[in-house]
Every structure is written in C-alpha cells, then in structure tokens.
Amino acid sequence: MMEKLDIPDHIASIKSYVPGRPIEAIAQAYSLDPAQVLKLASNENPLGPSPGAMAAMSRYAPDVSRYPDNDCTLLTKALADWHEISEEWIVTGAGSESVIGNAVSTLLYSGRKTAYSQYSFQAYGNAVQRVGAEPFIVPSPHLVVDLAGLRDSLSYNPAVVYIANPGNPTGTLLPSEEIYDFLKCVPAHTVVILDEAYLEFVAPDQRGDSVKWVREFPNLLVTRTFSKAYGLAGLRIGYGIAQAALINMLRRVRAPFVDSQLAQIAAQGALGDQEFIEKTVHNNSQSKAILEEGFREMNMSFLPSHTNFLLVNSGNGGKWAEILEQDGIIVRPVTGYGLPQWLRISVGMPKDSVRVIEAMKKLLQRAIAPTNNL
Ligand SMILES: *Cc1c(COP(=O)(O)O)cnc(C)c1O
C-alpha cells in the first residue's frame, strides 16, 4: 500500500521565498549577453565586495580544504572591538537571516505568538511559519511600521516582536526615539528583534544607538549583515548583538560550521575597510537621487528611502518587471508582499539609474507600460 507523506499543514502552507531573478536566467530567456543584464532586484552593492575583503579572501583561498573555525573567534573578536562590547554578546550566522531564523527557533514554537508589521521582510514570516507559531500582523496602511499598533499587540503576549529599521520592501525609517520608547514598553519575557540590515545607509544623525539599547534591554536582539553595504551577499555572513544570556541560547541553536571560513575572513577584511563603506554610501545617495528625479518626472510616487533601494508606485509592479526584463533590466515586483502596484528597484551605479529611468520613460512613451494614473 502506498503511504502518503505526512507533512504538517504549517509547513505545506509556506509560500516559497521569491528572490530576485538571476542574471543568467534573464540572459537565456531573452538571448541577451549576461554582461549587459542589469540586476537591480536584490539590494546588492554595485561596487562589489570591498578591496579589504577581496585581499583577505585571496590570501585564504588555498585553505578552504579545512573546516571553518566553528566559534568564529577572530571575527567575533573584531566585531566586539568594533562595537565596544563583550564577545559574549555576539553571535554570527550565515547571513543575518540565519541569525533571525535561529532566534525564531530558540523562542517560538506552536502555540507561541509573534507580532510584526504588515509589509515586513518575508523571510521573517517564513521562519515563523516553519516553527508553527502564531503571527499577529499589525496593519500598516501608510506602509510605515505602526509602533502604536505594535504596542497594542503586546496585549496578545507575543514571545517575539520583529521590527526591521529601515524596513524592506518599504525602505522607510522609524525615528530612533520612537523605537526607544517602544522598547521601554515591552515586557521582559518578550524579545524584540531589531533588524538593521540597512543601517549603514541611514544618515548618522538619524541612527538610533541600538548597541546602547542592548545594554539597557536584556530582551533586545539587534541584527546586522555583511550582505548589503559591505557587499558580501554571496558569502552569507551576518551577526546578532544581545546580552550574553540570549546570545548563549542562540549559539546552542546555531548549526555547526554554518559560517564558512572564507566568509569569516572576508567579513573581517570588510569591517576593517570602512573607507569602502563611505564610498558605497556616497555612490548610493548620488545614484538614488537620479532614480528619484526620474520617478518625479514620470509622476510616480515613491517612499522616502533610507536604504539602497526605492519602492515606487508604478501602477503595476509585475507588468513593469516583465517588460523591463525584456530590456535586460531585472527589478523586483512586490506582489507577494501584497503590494501589486509597487515596484522595488535597487540602487546601482549612477549609469544604471540612468539606464533604468531611460528604459522606463521609453516604455511609457510607447504606451506599453502601465501608469499609476489609471
Ligand atoms: C537583506 C535583508 C537582510 C539580510 O539578509 P542576509 O541574510 O544578511 O543576507 C535582513 N533583513 C532585511 C530586512 C533585509 O532586507
């Protein structure tokens, strides 16, 4: 007799994460030269990895036959020095997403609750669903995290509250004082995950001092990544900062050898190359200004972005993505987030911004493209 697989409902109902389409796939689909395909779909650093990271990686390459240092000793020490905290307060992971996933596995299970804003990072919702916990999703009618709504959600007694600041796919920033006031309201048994994947792109005077908040709140976990401004998305390396008691648990849950030695070494090299971060942020603001001007000229509204991407009201994000792909430009529809009118475009080099704006204007002129004035 054939037995059926017995997959629990909370797993079978997970929607697969839809990443930006790879360059090779688009080149093949439209017979384009891969070198001409422009990917503005995954918020990657258009400058590539930092020279500091590149140098560290090439020195290490011959040693990849060895297992990595499971404790990430040197990277953890470098991060502790950088943030002026104890090494006991840091856990690394294969991307900050894996740190967030480990926090979810540590704190949530079927029957426990979590609260987060509508239009939050999809990977968070997926991690929650994997463990069968119950999400409370706070409506976000203005596409900005509603902290008052999140505060109200505390009455449901969530074990975890997740906030990305700036957010993805929105790119918007919550004022640091408001986050601090929120943290003060959260009971000790509720852990707040504050995801700061795009922190480096936030103007210094608008950043909250989240490491200082960690000193004050034993139930706060801050996550950071080397994927975005540091340009190491392909290596998968990020980290979490919290007080030792919570970090200790996250370290137990962390799978052995998840952080490759190449990733650890590159991250150390990247951390030591802050000049590259300055360059990255400068390039980002120049190139983002070109996109913003272009969208204004096309009468398309966009959210104020504190990141390396823009969320623009294009009328029909899926359609735009489809027709831009034919021009070899990959952008990100956000229909899966419940935002079918919007389109997320990563900030590339200034010439990339010029290219995408020109392509969009041309498509509008030829009346092929949807508009947001329909
Ligand atoms: C890109 C991103 C991350 C980081 O992902 P990694 O796993 O570190 O590559 C985390 N949170 C948000 C909101 C992001 O957009």
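Residues: numbered from 1 along the sequence shown. Computed over heavy atoms, backbone and side chain alike; hydrogens, waters and symmetry mates excluded.
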* Report yes if some heavy atom in the side chain of I11 is under 4.5 Å from a heavy atom in the side chain of Q129; otherwise report no. => no
* To do: State, yes or no, whether a side-chain contact exists between V161 and L154 at a heavy-atom distance under 4.5 Å.
  => yes
* So which of L363, I329, N316 actually passes side-chain contact (heavy atoms from CB on, under 4.5 Å) with I323? -> L363
* Do F136 and K113 come close enough that some side-chain heavy atom pair is under 4.5 Å? -> no
* **Side-chain donor-acceptor contact under 3.5 Å, S176 with Q206** => no
* **K228 and E200 ion-paired at < 4.0 Å** => no
* Using a strict 4.0 Å threshold on nitrogen-to-oxygen distance, state whether R355 and D352 make a salt bridge. => no
* Using 4.0 Å as the upper bound for N to carboxylate O, is an ion pair formed by R254 and D259? -> yes
* Supply the members, apart from I290, of the Ile/Leu/Val/Met/Phe/Trp/Tyr cluster built from side-chain contacts under 4.5 Å; use none for a lone residue. => V354
* To do: Could you state whether Y30 and V37 fall into the same hydrophobic cluster, counting links through intermediate Ile, Leu, Val, Met, Phe, Trp or Tyr residues with side-chain heavy atoms under 4.5 angstrom apart?
  => yes
* Under a 4.5 Å cut-off applied to non-hydrogen side-chain atoms, are T92 and L75 in contact? -> yes
* To do: Any chance you could measure Y124, atom OH, to T114, atom OG1, to the nearest 0.5 Å?
  => 3.0 Å
* Hydrophobic cluster membership, F121 vs L143, 4.5 Å side-chain cutoff -> yes
* Asked: Which is it for K361 and E297 under the salt bridge (charged side-chain N to carboxylate O under 4.0 Å, His left out) test, yes or no, and what are the steps along the way?
  -> CA-CA 9 Å; K361 284 183 178 168; E297 286 165 3; 2.4 Å; yes
* Establish whether Y230 and I100 are linked, either directly or via other cluster members, by ILVMFWY side-chain heavy-atom contacts under 4.5 Å. => no
* R344 and N168 side chains, donor-acceptor separation under 3.5 Å -> yes
* Return yes if a side-chain donor-acceptor contact under 3.5 Å exists between E216 and Y180, otherwise no. => yes
* Asked: Regarding N126 and R130, is there a side-chain donor-to-acceptor distance under 3.5 Å anywhere?
  -> no
* Are I137 and W342 connected, step by step, through hydrophobic side chains (Ile, Leu, Val, Met, Phe, Trp, Tyr) whose heavy atoms are closer than 4.5 Å? -> yes
* Asked: Can you name the salt bridge (Lys or Arg N to Asp or Glu O under 4.0 Å) partners of E292, sequence neighbours left out?
  -> none
* Asked: Heavy atoms, side chains only, cut-off 4.5 Å: are Y116 and V145 in contact?
  -> no
* Taking the side chain as every heavy atom from C-beta outward, state whether S353 and K288 have any pair of such atoms under 4.5 Å apart. => no
* Asked: Can H189 and N157 be counted as having a side-chain donor-acceptor contact under 3.5 angstrom?
  -> yes
* Asked: Would a 4.5 Å heavy-atom cut-off, applied to side chains only, mark S140 and D146 as touching?
  -> no
* Donor-acceptor pair between D9 and S13 side chains, under 3.5 angstrom -> no
* Asked: Any luck finding a side-chain donor-acceptor pair between S346 and E44 under 3.5 Å?
  -> no
* Begin from the C-alpha positions of E134 and R112 and carry the test salt bridge (charged side-chain N to carboxylate O under 4.0 Å, His left out) through to its verdict. => CA-CA 6 Å; E134 202 182 307; R112 280 201 171 180; over 6 Å; no
* Structure fact -> side-chain contact (heavy atoms from CB on, under 4.5 Å) with M360: of L324, L291, V331, only one passes, and it is L324
* Asked: Side chains of N308 and Y198: is there a donor and an acceptor less than 3.5 Å apart?
  -> no
* Do L262 and L235 have side chains that get closer than 4.5 Å, going by heavy atoms? -> yes
* Asked: Any luck finding a side-chain donor-acceptor pair between S301 and R296 under 3.5 Å?
  -> no
